[in-house]
Protein chains: 2
Amino acid sequence: MAVLDKRPSAEMKVRKQRAPNSPPRGAPDRHAKKAMRNSEIVYRDLRDAIVNVTLPPGAPLVEKEITERYGISRTPVREAMLKLAEERLVDVFPKSGTFVARIPVAVLQEAIVARRALEEVCVREATAKATKSQLMQLQAVIQRERELCAAGDEQAFHDADNAFHAGVAAAGGYPGIWTMIEKIRLQVERYRRLTLPQKGRMKLIVAEHAAVLDAMEHGDADAAVEAMNSHLNKLQIDIETFRDLWPDYFLFDKK
Amino acid sequence: MAVLDKRPSAEMKVRKQRAPNSPPRGAPDRHAKKAMRNSEIVYRDLRDAIVNVTLPPGAPLVEKEITERYGISRTPVREAMLKLAEERLVDVFPKSGTFVARIPVAVLQEAIVARRALEEVCVREATAKATKSQLMQLQAVIQRERELCAAGDEQAFHDADNAFHAGVAAAGGYPGIWTMIEKIRLQVERYRRLTLPQKGRMKLIVAEHAAVLDAMEHGDADAAVEAMNSHLNKLQIDIETFRDLWPDYFLFDKK
DNA sequence: CATGCATAACTAGTATACAAGATATTTTAC
DNA sequence: GTAAAATATCTTGTATACTAGTTATGCATG
């Protein structure tokens with residue numbers, strides 16, 4: 001901390017530095033380019049495999065193996081690992097190994113509460129100021145859910161499910177809050193994939209989404225919030241049931 | 001993604017691998033050790049400098065310079081940079097430079113809304129189930145705030161301020177939600193340090209904290225939430241005022 | 001055969017070297 | 001003198017080599 005107090009003296013270099021407070025001019029333009037770095041690719045693949053429980057809790061993630069699989073060096077792989085560790089999806093044991101993290105039950109409970117709180121403000125604000133076009137778009141998402149439900153495409157349905165919630169947040173003017181919810185969702189989603197049979201749930205989800213949207217269209221914020229809460233409450237955890245089934249997959253003692 | 005589908009075949013190696021689902025035995029023990037990696041140190045220093053606006057928005061962060069200052073290599077410095085980029089505290093322009101991010105006003109507004117929503121569930125739950133000792137501890141924190149207010153120690157007061165909110169979350173049984181709030185707080189705090197004169201505010205904050213705790217002690221959840229909301233609303237942004245003062249410090253167009 | 005210990009092999013953390021692109025400076029053409 | 005092209009020198013992204021610590025293996029010893 002104190003190290004930072006003495007600002008660097010740039011006198012030693014005669015070369016003129018770029019003036020402070022001036023990022024490169026091309027910056028906004030280049031924002032459009034989607035130059036996905038290798039670390040991003042590895043991160044996404046691993047993250048998806050973890051939340052899909054393709055890689056179960058406790059599974060080792062060996063850097064060398066991944067570098068060979070992708071044909072890249074350790075550096076980007078390591079970046080991906082660090083990002084996953086940040087999100088508590090993996091545990092890194094220095095000089096020992098990196099493993100898919102067990103599902104922390106305490107974190108799970110809080111994640112559900114937090115999500116409910118954030119979705120509530122989104123749906124309340126969305127009810128107040130959603131435009132007609134936004135409501136129609138949400139109707140379209142629900143219709144797509146119906147179609148995917150009929151087709152039985154779980155993965156696509158899951159994406160549509162997220163699209164509905166994202167749409168509600170966007171209608172409320174809170175796209176950034178949806179980003180927060182997505183981060184929270186990672187842990188919960190892993191639990192959901194592990195424990196809930198997806199079969200019969202799709203129709204129920206469609207009905208619940210429809211109830212939320214219906215309340216929004218009637219401008220009844222309290223009803224919309226209520227519908228959203230009861231929808232999200234379906235995620236509520238019944239830990240005891242799974243405690244014995246997969247004892248190695250969960251972490252019960254806090255921290 | 002498809003790359004991950006074929007699980008590694010370990011036949012080629014005769015050497016017996018550690019069994020899956022079994023992290024190292026010493027893991028829980030070593031958890032106590034606080035082996036802070038260099039990247040953590042750099043991260044904390046830079047993060048603090050950014051939120052304190054010691055490093056103003058737009059300031060360049062040159063990896064090489066930091067490596068020389070700390071006497072370490074680029075690798076841990078780079079890790080710190082990536083973490084800061086993740087939190088939108090810096091912008092990385094590949095092959096060009098890394099700069100302290102401008103304060104994104106849109107994100108700021110949403111951050112305040114999100115924080116209020118999360119603090120609300122914390123204080124409501126805390127009112128319902130705080131133990132006597134937890135309430136006494138919160139009283140102690142407020143008393144400490146009074147002392148630090150009198151002493152005029154802004155930094156320590158600031159820490160105590162956080163301790164109060166963390167204590168409320170802990171009393172509600174949601175320490176993880178406080179962790180989320182802390183992440184959200186980074187952006188808002190930077191704005192606060194930049195715009196609000198801290199002098200007269202300390203006494204007001206103490207009074208507001210006391211009002212929250214008073215309602216909690218009376219078991220009046222609604223009043224506690226109301227007090228907390230009005231406390232947090234003091235952060236509300238008056239962008240127009242500062243738009244002209246430091247136009248370079250803020251980012252107005254979304255994303 | 002069981003147990004303790006030396007050793008080998010593997011891990012993540014770090015340092016360094018190289019590559020590719022962007023900016024600043026200099027040079028050159030007119 | 002001005003503008004544009006060439007060049008030098010920055011920057012971050014990536015690969016690789018090395019270090020230090022941990023776990024597995026196998027041998028020695030009883």
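Protein chains get the first letters and strands the later ones, always in sequence-line order, with residue 1 at the start of each.
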- Determine, for B:K83 against B:E87, whether the closest basic-nitrogen to carboxylate-oxygen distance falls under 4.0 angstrom. no
Rounded to the nearest Å, what distance is computed from the [atom1] atom of residue [X] to the [atom2] atom of nucleotide [N]?
| X | N | atom1 | atom2 | result |
| --- | --- | --- | --- | --- |
| B:E79 | C:dA15 | CD | P | 10 Å |
| B:F99 | D:dT11 | CZ | C1' | 9 Å |
| B:E40 | C:dT14 | CD | C1' | 16 Å |
| B:E65 | D:dT12 | CD | P | 10 Å |
| B:I66 | D:dT12 | CD1 | C1' | 13 Å |
| B:I72 | C:dT14 | CD1 | P | 8 Å |
| B:F93 | C:dA20 | CZ | C1' | 18 Å |
| B:R37 | D:dT19 | CZ | C1' | 16 Å |

- Message: Can you tell me how the ring of A:H165 sits relative to the ring of A:W178, calling it parallel under 30°, perpendicular over 60° and tilted otherwise?
- Response: parallel
When you measure from the side chain of [X], which nucleotide among [options] comes out closest?
| X | options | value |
| --- | --- | --- |
| B:N38 | D:dG21, C:dT14, D:dA15 | C:dT14 |
| A:K95 | C:dT14, D:dT22, D:dT14 | D:dT22 |
| B:T98 | D:dT12, C:dT16, C:dA12 | D:dT12 |
| B:R74 | C:dA12, D:dA15, C:dT16 | C:dT16 |
| B:V62 | D:dT11, C:dT14, C:dA17 | D:dT11 |
| B:S73 | C:dT14, C:dA12, D:dT12 | C:dT14 |
| A:T75 | C:dA15, D:dA15, D:dT12 | D:dA15 |

- Would you classify B:S39 as touching base, sugar-phosphate or nothing, given that sugar-phosphate means primed atoms plus P, OP1 and OP2, and contacts are heavy atoms under 4.0 Å? nothing
- Message: Applying a 4.0 Å non-hydrogen cut-off, can you work out what A:L61 is touching in the nucleic acid: base, sugar-phosphate, or nothing?
- Response: sugar-phosphate
- Find which nucleotide of DNA chain D each of B:E63 and A:P76 is nearest to by heavy atoms, and output the residue with the more 5' nucleotide.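 Of the two residues, B:E63 wins.
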- Message: Within this structure, what is the CG-CD1 distance for the pair B:L61 and B:I66, rounded to the nearest 0.5 Å?
- Response: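 Interatomic distance, B:L61 CG to B:I66 CD1, rounded to 0.5 Å: 5.5 Å.
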- Item | Euclidean distance, B:Q109 CD relative to A:I177 CD1, rounded to 0.5 Å |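 So the CD1 of A:I177 and the CD of B:Q109 are separated by 11.0 Å.
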- Message: For B:R144, I'd like to know if atom CZ has over 12 heavy atoms of other residues, nucleotides or ligands within 6.0 Å.
- Response: no
- Message: Does A:S96 contact C:dA12 through a side-chain donor or acceptor facing the base, at a distance under 3.5 Å?
- Response: no
